Amino acid sequence: MDNLEIDEDTNHLRFDWGTKEILALFDMPLIDLMWQAQNIHRRNNKYDVQLASLFSVKTGGCEEDCSYCSQSIYSSSQIKSHPQYDVAAVLERAKIAKDEGAERFCMGWAWREIRDGRYFDAMIEMVKGVRSLDMEACVTAGMLTSEQANRLADAGLTAYNHNLDTSPEYYKNIISTRTYQDRLETLERIRKAGIDICCGGIIGLGESTDDRASLLKVLSNMNPHPESVPINALVSIEGTEMEDSKEIDSIEMIRMVAIARILMPKSKIRLSAGRERLTKEAQILCFQCGANSIFYGDELLTTSNPSFEEDRQLLNQLGMKFNSDNESSNETIFAK
Ligand code: SAM
Ligand code: DTB
Ligand code: SF4
């Protein structure tokens with residue numbers, strides 16, 4: 001890919017995608033759609049993949065009622081809940097993730113919102129510690145105030161993950177303890193503080209194609225686009241309201257990734273939850289038409305993910321570089 005010309009001109013990025021146009025993409029024959037997405041991907045990005053490691057700093061006991069989530073107090077899922085880990089334990093995990101080859105360390109808290117005090121102070125120390133390991137730091141911990149966003153920015157936080165999950169229209173069917181507007185307001189505070197936005201959604205919640213198009217419209221009408229866009233497939237967890245949901249077909253994941261790539265040419269599109277259910281071939285098609293980031297590590301928050309070894313083997317087979325800013329370390333890690 002060394003001779004690849006990356007398009008530095010961002011003026012062509014669009015922030016006015018309309019629902020009809022997006023629905024037309026959903027109606028396109030898959031092969032044509034993939035061709036279009038691949039072209040856009042090639043013009044705008046190197047063919048590499050960002051490895052992001054995820055660690056649950058505080059698990060369970062969340063006051064929100066997200067119907068897919070095992071960490072909600074409204075679910076009866078049998079998970080290993082634990083209070084917030086201390087700073088040293090989290091940084092030890094970050095170091096392991098770095099040694100395994102991760103570029104970004106994402107930390108999750110099962111909170112409706114961050115409260116000020118010793119837990120928030122510890123979060124700030126974790127962010128500083130991860131940054132001093134020369135890794136990108138991402139936090140996901142629910143709603144936050146402008147002051148908190150500014151403190152996180154001062155600590156060097158790279159990105160804040162705050163998903164919209166689904167369309168504004170379908171949202172109330174999934175969550176009743178907060179509104180879409182609450183979510184948008186937190187996203188605005190993150191942006192104003194100068195922190196990158198990581199914002200995406202879930203497919204497989206029983207939503208329609210219109211809902212998927214509507215979610216992608218909200219994301220692609222943000223200016224600037226979210227720097228990263230996680231696309232999750234529902235992992236139906238026993239004890240949640242969604243435990244009996246039907247698994248999505250991998251083709252729906254490929255289509256969602258391809259359309260996200262067309263609408264947001266330069267964002268990192270992250271293949272997130274549900275990747276364990278995708279065959280190698282389905283993942284390859286996702287990479288081909290635009291996915292350029294994965295969660296890397298044996299666990300997500302309360303569910304499993306492909307192992308480091310499996311992912312290393314897959315990336316090796318594909319000859320795919322990872323962590324573009326850190327190319328010199330690739331060979332060492334690939335050789336393991
Ligand atoms: N509490 C914070 C929040 O909701 O923003 C942070 C953690 S929360 C678990 C992060 C995201 O993970 C959710 O917004 C949702 O998109 C995704 N997620 C949670 N459970 C999932 C599941 N069972 N399947 C797929 N995605 C899931
Ligand atoms: C995101 O979009 N997906 C990740 C991360 N951001 C925090 C979380 C996936 C959670 C999957 C279900 C679980 O492990 O509990
Ligand atoms: Fe809480 Fe986040 Fe789970 Fe919703 S998705 S219940 S906010 S941890």
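Predicted model only: the values in this text are computed from it and were never measured.
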Q: Check the pair Tyr47 / Phe287 against ring-ring contact (aromatic ring centres under 6.0 Å, His included), numbers first and verdict last.
A: CA-CA 8 Å; Tyr47 259 82; Phe287 291 138; 9.4 Å; no
Q) Knowing that exactly one of Asp210, Thr19, Asp211 qualifies, which makes a side-chain hydrogen bond (donor to acceptor under 3.5 Å, both in side chains) with Ser167? A) Asp211
Q. With side chains defined as the heavy atoms from C-beta onward, is the minimum distance between Cys198 and Pro230 less than 4.5 Å?
A. yes
Q) Is the closest side-chain heavy-atom distance between Ile237 and Glu243 below 4.5 Å? A) no
Q: Report the hydrophobic cluster partners of Tyr74, with the cluster defined as I, L, V, M, F, W, Y residues connected by side-chain heavy atoms closer than 4.5 angstrom, directly or transitively.
A: Ile73
**Q.** Phe295 six-ring centre to Arg270 NZ/CZ under 6.0 Å and within 45° of normal
**A.** yes
Q. Parallel under 30°, tilted from 30 to 60°, perpendicular over 60°: which one fits the rings of Phe55 and Tyr85?
A. parallel
Q: Count the heavy atoms belonging to other residues, nucleotides or ligands that lie under 6.0 Å from CD1 of Ile251, then report whether that count exceeds 12.
A: no
Q. So do the side chains of Asp298 and Asn305 get within less than 4.5 Å of each other, counting heavy atoms only?
A. no
Q. Hey, is CG on Asp32 packed in by over 12 heavy atoms from elsewhere, all under 6.0 Å?
A. yes
Q.
Suppose we screen for salt bridge (charged side-chain N to carboxylate O under 4.0 Å, His left out). Which residues come up paired with Glu276, at least two apart in sequence or across chains?
A. none
Q) Checking Lys98 side chain against Leu133 main chain: does a donor-acceptor pair fall under 3.5 Å? A) yes
**Q.** Leu144 backbone acceptor or donor facing Arg189 side chain under 3.5 Å
**A.** yes
Q. Parallel, tilted or perpendicular for Tyr296 and Phe308, by the 30°/60° rule?
A. perpendicular
Q: Please examine the side chains of Glu252 and Ser250, heavy atoms only from C-beta on, and report whether any two atoms are closer than 4.5 Å.
A: no
Q. Is there a donor-acceptor pair under 3.5 Å between the side chain of Tyr160 and the backbone N or O of Gly142?
A. yes
Q. Hey, is the main chain of Pro226 close enough, under 3.5 Å, to the side chain of Ser267 for a donor-acceptor pair?
A. yes
Q: Sort out for me which residue in His82, Lys80, Gln84 forms a side-chain hydrogen bond (donor to acceptor under 3.5 Å, both in side chains) with Thr59.
A: His82
Q. Any side-chain heavy atom of Ile175 sitting closer than 4.5 Å to one from Thr177?
A. yes
Q) Should Arg255 and Leu30 count as side-chain neighbours, where that means a heavy-atom distance under 4.5 Å? A) yes
Q) Distance-only, no hydrogens or angles: does the Thr158 side chain make a donor-acceptor pair with backbone N or O of Glu136 under 3.5 Å? A) no
**Q.** Enclosure of Glu185 CD (heavy-atom neighbours >12, cutoff 6.0 Å)
**A.** yes
(Q) My understanding is that only one of Thr166, Leu215, Asp165 makes a side-chain contact (heavy atoms from CB on, under 4.5 Å) with Glu207; could you say which? (A) Thr166
